[in-house]
Amino acid sequence: MRDLLGIDAAWGITIVRVMMGLVFALHGYQKFSSGVGAVVASFTKMGIPAPQVTGPFIAGLELIGGICLIVGLLTRLFGLLFSCEMLVTTLLVALPMRGWNASELDRMLLVSGLLLLVAGPGKLAIDQLWFERGRPEQSAAVRDARRR
């Protein structure tokens with residue numbers, strides 16, 4: 001990927017990852033602070049299937065997954081999970097209840113999750129140290145950068 005003004009494009013992915021993590025962590029915290037019962041009631045009202053299970057699961061996913069995205073831990077996994085959550089939210093809640101124009105955040109979080117799934121964590125991520133370091137395409141990219 002070409003750099004803009006000498007800045008590695010992976011920093012753009014990092015910005016998306018951290019901001020997405022903040023959004024989800026704060027929403028997860030709000031769900032727990034309002035009480036899981038309130039989340040279950042809200043999910044029931046919206047017609048989400050199995051609200052007694054999905055309510056606490058989504059609250060935990062958002063809080064824990066959001067924190068993991070901030071530090072860059074299991075980024076691809078949480079990118080996939082959040083993409084699935086936002087696909088369901090968009091199709092079952094946002095579009096039917098609010099319409100196309102009011103579902104921008106849901107759709108942006110959906111594609112942001114897909115970006116993280118496909119592109120990985122970007123820079124300053126725990127994943128970079130543990131999981132992404134041995135990837136052959138990154139090794140080639142590092143070799144090419146050192147030759148310049």
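Closest non-hydrogen pair, S83 versus L110, comes out as O-CD1, 3.1 Å. Closest non-hydrogen pair, L116 versus R76, comes out as O-CG, 3.7 Å. The shortest heavy-atom contact between I13 and G120 is CG2-O, 3.3 Å. When all heavy atoms of S34 and V39 are compared, the closest pair comes out as OG-CG2, 4.4 Å. Nearest heavy-atom pair across I67 and A25 is N-CB, 4.1 Å. Nearest heavy atoms, P51 versus P56: O-CD, 3.8 Å.
Under the 4.5 Å side-chain criterion, counting only non-hydrogen atoms from C-beta, I126 is not in contact with C68. Side-chain atoms of M20 and I70, non-hydrogen and from C-beta on, never get closer than 4.5 Å to each other.
The list of salt bridge (Lys or Arg N to Asp or Glu O under 4.0 Å) pairs with a residue in residues 57-68, not counting sequence neighbours, reads K31-E62. For residues 38-47, no pair satisfies salt bridge (Lys or Arg N to Asp or Glu O under 4.0 Å), with sequence neighbours left out. Residue pairs satisfying the ring pair (Phe, Tyr, Trp, His ring centres under 6.0 Å) criterion with at least one member in residues 26-53, sequence neighbours excluded, are absent. Sorted by first and then second residue, the ring pair (Phe, Tyr, Trp, His ring centres under 6.0 Å) pairs with a member in residues 108-127 form an empty list; sequence neighbours excluded. For the ring pair (Phe, Tyr, Trp, His ring centres under 6.0 Å) condition, the pairs that include at least one residue of residues 82-125, sequence neighbours left out, are F24-F82. Residue pairs that meet the salt bridge (Lys or Arg N to Asp or Glu O under 4.0 Å) test with at least one member in residues 19-28, sequence neighbours left out, do not exist here. For residues 9-27, the set of pairs meeting the salt bridge (Lys or Arg N to Asp or Glu O under 4.0 Å) definition, not counting sequence neighbours, is empty. Sorted by first and then second residue, the side chain to side chain donor-acceptor pair (under 3.5 Å) pairs involving residues 111-125 (not counting sequence neighbours) are D8-K123.
A chain of hydrophobic side-chain contacts below 4.5 Å, direct or via other Ile, Leu, Val, Met, Phe, Trp or Tyr residues, connects M86 to L91. Hydrophobic clustering of Ile, Leu, Val, Met, Phe, Trp and Tyr side chains at less than 4.5 Å, counting indirect connections, keeps L63 apart from L80. L61 and L117 are assigned to two separate hydrophobic clusters, defined by single-linkage of ILVMFWY side chains at heavy-atom distances under 4.5 Å. In the hydrophobic clustering of ILVMFWY residues, with side-chain heavy atoms under 4.5 Å counting as a link, M46 and L105 come out together.
Between L73 atom CG and I64 atom CD1 the span is 11.5 Å, to the nearest 0.5 Å.
The side chain to side chain contact (heavy atoms under 4.5 Å, CB included) test with E85 is passed by exactly one of T90, I58, L109: I58.
Listed by chain and number, the residues in a salt bridge (Lys or Arg N to Asp or Glu O under 4.0 Å) with R107 amount to none (sequence neighbours excluded). Qualifying ring-ring contact (aromatic ring centres under 6.0 Å, His included) partners for F78, counting only residues two or more places apart in sequence or in other chains: none. Among residues two or more places apart in sequence or in another chain, the side-chain contact (heavy atoms from CB on, under 4.5 Å) test is passed with V111 by M108. Remark: L77 engages L74, L81 in a side-chain contact (heavy atoms from CB on, under 4.5 Å) (not counting sequence neighbours).
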Query raised in the report: side chain to side chain contact (heavy atoms under 4.5 Å, CB included) between V18 and L69: does it pass, once the steps are laid out?
Result: CA-CA 6 Å; V18 171; L69 284 184; over 6 Å; no
Report task. Go through L92 and M97 one step at a time and tell me if the side chain to side chain contact (heavy atoms under 4.5 Å, CB included) criterion holds. Result -> CA-CA 8 Å; L92 293 183; M97 296 176 86; over 6 Å; no
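A side-chain donor from one of T75 and D127 sits under 3.5 Å from a side-chain acceptor of the other.
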